[in-house]
Participant: 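Shown below is the structure under consideration.
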Amino acid sequence: MGAKVHKNLHICKKSSNFAGILYDFAPIMQSIIDIIGQISLGTADYCLIGVLAVLFVYQVYFYTRYIGAPQRYAKRQAPYTPISAEQQKGVSVIVCAHNEEHNLQDYLQSLLTQDYSNYEVIVVNDGSEDHTREVIEEYMRYDHRIVTTFVPRGARVNSTKKLAITLAVKRAKYDYLLLTDADCRPESPHWITEMMRGFDDPQKEIVIGFGAYYPDHTRINRIIQYDTLFCGLQYLGMALARRPYMGVGRNLAYKKDLFLRTGGFSTMMNQRAGDDDLLVNHVATKTNTAVVVSRESITWSPAKETLHDWLLQKRRHIGVSHDYTSNSKTRLGIEPVTRGLFYLMLIAAGVLGNMAVWATAGLLFIARLIMQLTIINLSAKQLGVRGFGLVILWYDICLPLVTLNMLTKKPLKAGQW
């Protein structure tokens, strides 16, 4: 049996870093297996070990299939290469601004220094009450690529941002739309070029990118960093597996024709949020969605500074998940359920099991933790995000509970965010 274990681990070592780490622990694993083999197990013990093993296998599948996919895909992507002006597709970059006077002053210039020549920037003044309009007009005086439209103050709709995007789409003169936020700064001047690479395949109508948050040294920022990274790897990985379910408006592109052909936001105007993830969830298919995860394609935004503000933001986003397709909700529900059951079964093994059950449970727990640390940190490094240590274990337990609590609450009323 020992030779067989070593042989299987040797095969896995060639396929992934995680398996390579497990290979180094093969002698210890073999010793544990030998000890387990000398202890008699009852029916309840076999049931505990069997359930734990099944849950562990699904967690390995989920991490290797989805969470680790963006990092593997990024390694296969060709490095940045400039595109000649003659080959560039026209792009309309859309920015919705509600009381964004200071953010436009800080970040709009980064959209005007892209190395892409065939684009315009549409800034929609979404009922601002500060000097947003004056800032936009000042930029328009010296850069003809900036155009604007506006949503009147007090517009009687549930989602003025969806209305703002719709107005921008109708105003756009190009066939490709690239969306970001007023407080976003692209990682590099190659951002538009990189995102447009997703449309190289003529079948692709949606391109999903990663939107990161600036790091700082506060605890809430570390929570936001991990939550954003995990969610980002999940939706990017599922899109790479031909199961797209969402994108983020900080870094998202789609064809104008797709928006108009599918009715845009006409079926979701009753929702305050969902101008990004809900739209993608309804119109993305396994063949029309591309992913771009190169470092140059990332956008950066300031994170919320307080727990209260972040929870409101997260509750707003989670609130629209009720309107996801049934397939999306099922896929998204399986992982946290198996994760929660895995931890519960670990507790059950500790309380009800014997030494063999404890050893098996401990082995599976350590193997899963090593897998998490390896995949999450390799992905973080590729995206330019600070890595995580054993605190991952704390986030892994607490964040699903936060999400579950929000799913049980009533949707926020208009004006609560």
Side-chain angles (χ1 to χ4, degrees), residues 18 44-70 223 226-246 274 277-278 280-281 284 286 311 314-353 357 360-376 379 388 390-411:
F18 163 57
D45 297 325
Y46 279 115
C47 288
L48 280 172
I49 292 174
V51 173
L52 264 173
V54 170
L55 295 171
F56 172 77
V57 167
Y58 181 80
Q59 286 286 300
V60 171
Y61 166 78
F62 177 83
Y63 271 84
T64 54
R65 172 69 165 155
Y66 300 125
I67 302 300
I223 295 173
Y226 181 81
D227 186 56
T228 302
L229 176 63
F230 185 85
C231 291
L233 294 174
Q234 180 173 262
Y235 68 72
L236 291 169
M238 286 194 172
L240 287 169
R242 297 163 68 87
R243 293 175 173 84
Y245 74 92
M246 70 163 281
D277 58 336
L278 200 55
V280 172
N281 192 263
K286 63 182 181 180
L311 290 175
K314 191 168 180 64
R315 186 176 171 190
R316 178 188 68 188
H317 292 158
I318 290 174
V320 303
S321 64
H322 295 289
D323 289 336
Y324 281 7
T325 64
S326 297
N327 286 338
S328 295
K329 287 189 282 191
T330 299
R331 291 192 192 102
L332 293 174
I334 292 175
E335 190 281 323
V337 168
T338 58
R339 190 195 316 185
L341 289 175
F342 182 77
Y343 284 116
L344 289 175
M345 292 305 298
L346 286 175
I347 295 173
V351 174
L352 304 175
V357 177
T360 304
L363 182 64
L364 294 179
F365 171 76
I366 293 171
R368 180 179 178 274
L369 182 59
I370 292 172
M371 173 189 68
Q372 283 182 295
L373 289 168
T374 303
I375 292 178
I376 291 292
S379 301
F388 297 88
L390 291 178
V391 72
I392 281 180
L393 185 60
W394 174 249
Y395 298 151
D396 195 51
I397 296 171
C398 293
L399 287 175
L401 297 177
V402 172
T403 299
L404 180 62
N405 178 61
M406 291 181 176
L407 287 172
T408 61
K409 294 181 179 294
K410 296 180 179 179

Participant: Can you list everything that forms a side-chain hydrogen bond (donor to acceptor under 3.5 Å, both in side chains) with Tyr63? Sequence neighbours excluded, please.
Facilitator: Gln372

Participant: In sequence, state the C-alpha distance, the side-chain angles, and the governing distance for Asp396 and Tyr343, and then conclude on side-chain contact (heavy atoms from CB on, under 4.5 Å).
Facilitator: CA-CA 10 Å; Asp396 195 51; Tyr343 284 116; 2.5 Å; yes

Participant: How far does CD1 of Ile318 sit from CG of Leu404, to the nearest 0.5 angstrom?
Facilitator: 9.5 Å

Participant: Which pair of non-hydrogen atoms, one from Ile223 and one from Tyr395, has the smallest distance, and what is that distance?
Facilitator: CG1-CE2, 3.6 Å

Participant: Drop me the distance from Phe342's CZ to Ile397's CD1, to the nearest 0.5 angstrom.
Facilitator: 10.5 Å

Participant: Applying side-chain hydrogen bond (donor to acceptor under 3.5 Å, both in side chains), name anything that partners Thr403, two or more places apart in sequence or on another chain.
Facilitator: none

Participant: Between Gln59 and Arg368, which heavy-atom pair has the shortest distance, and what is it?
Facilitator: OE1-NH2, 2.7 Å

Participant: Starting from the C-alpha separation in whole Å, work towards a yes-or-no answer on side-chain contact (heavy atoms from CB on, under 4.5 Å) for Tyr324 and Asp277.
Facilitator: CA-CA 9 Å; Tyr324 281 7; Asp277 58 336; 2.8 Å; yes

Participant: Quick one: pull up OG1 in Thr374 and CD1 in Ile370 and give me the separation to the nearest 0.5 Å.
Facilitator: 7.0 Å

Participant: Please evaluate residues Ile392 and Tyr226 with respect to the criterion side-chain contact (heavy atoms from CB on, under 4.5 Å), reporting the C-alpha separation (whole Å), side-chain torsions for both, the decisive distance (0.1 Å), and the verdict.
Facilitator: CA-CA 8 Å; Ile392 281 180; Tyr226 181 81; 3.8 Å; yes

Participant: To the nearest 0.5 Å, tell me how far Leu346 CG sits from Thr360 OG1.
Facilitator: 11.0 Å

Participant: Applying salt bridge (Lys or Arg N to Asp or Glu O under 4.0 Å), which residue pairs with at least one partner in residues 321-338 are found, sequence neighbours left out?
Facilitator: Glu335-Arg339

Participant: In Å and rounded to the nearest 0.5 Å, what is the CG to OG distance from Leu278 to Ser328?
Facilitator: 10.0 Å

Participant: Heavy atoms, side chains only, cut-off 4.5 Å: are Leu48 and Met345 in contact?
Facilitator: yes

Participant: CH2/Trp394 to CG/Leu399 distance, rounded to the nearest 0.5 angstrom?
Facilitator: 10.0 Å

Participant: Hey, are the side chains of Leu390 and Leu369 touching, using non-hydrogen atoms and a 4.5 Å cut-off?
Facilitator: yes

Participant: Indicate every side-chain donor-acceptor pair of residues 234-243 with a distance under 3.5 Å to a residue at least two apart or in another chain.
Facilitator:
unit_1, atom_1, unit_2, atom_2, d
Gln234, NE2, Tyr245, OH, 3.0
Tyr235, OH, Gly209, O, 3.4
Arg243, NH1, Ala241, O, 3.3

Participant: Provide the full list of salt bridge (Lys or Arg N to Asp or Glu O under 4.0 Å) pairs with a residue in residues 52-65, sequence neighbours left out, each pair given once.
Facilitator: none

Participant: Flag the pair Ile67 / Phe230 as yes when at least one side-chain heavy-atom distance between them is below 4.5 Å, and no otherwise.
Facilitator: yes

Participant: Does the pair Ile376 and Leu233 meet the rule for a side-chain contact (heavy atoms from CB on, under 4.5 Å), with working shown?
Facilitator: CA-CA 9 Å; Ile376 291 292; Leu233 294 174; 4.2 Å; yes

Participant: Write down the atom of Val337, the atom of Gly333, and the distance for their closest heavy-atom approach.
Facilitator: CG2-O, 3.1 Å

Participant: If the condition is side-chain hydrogen bond (donor to acceptor under 3.5 Å, both in side chains), which residues does Tyr61 pass it with, not counting sequence neighbours?
Facilitator: none

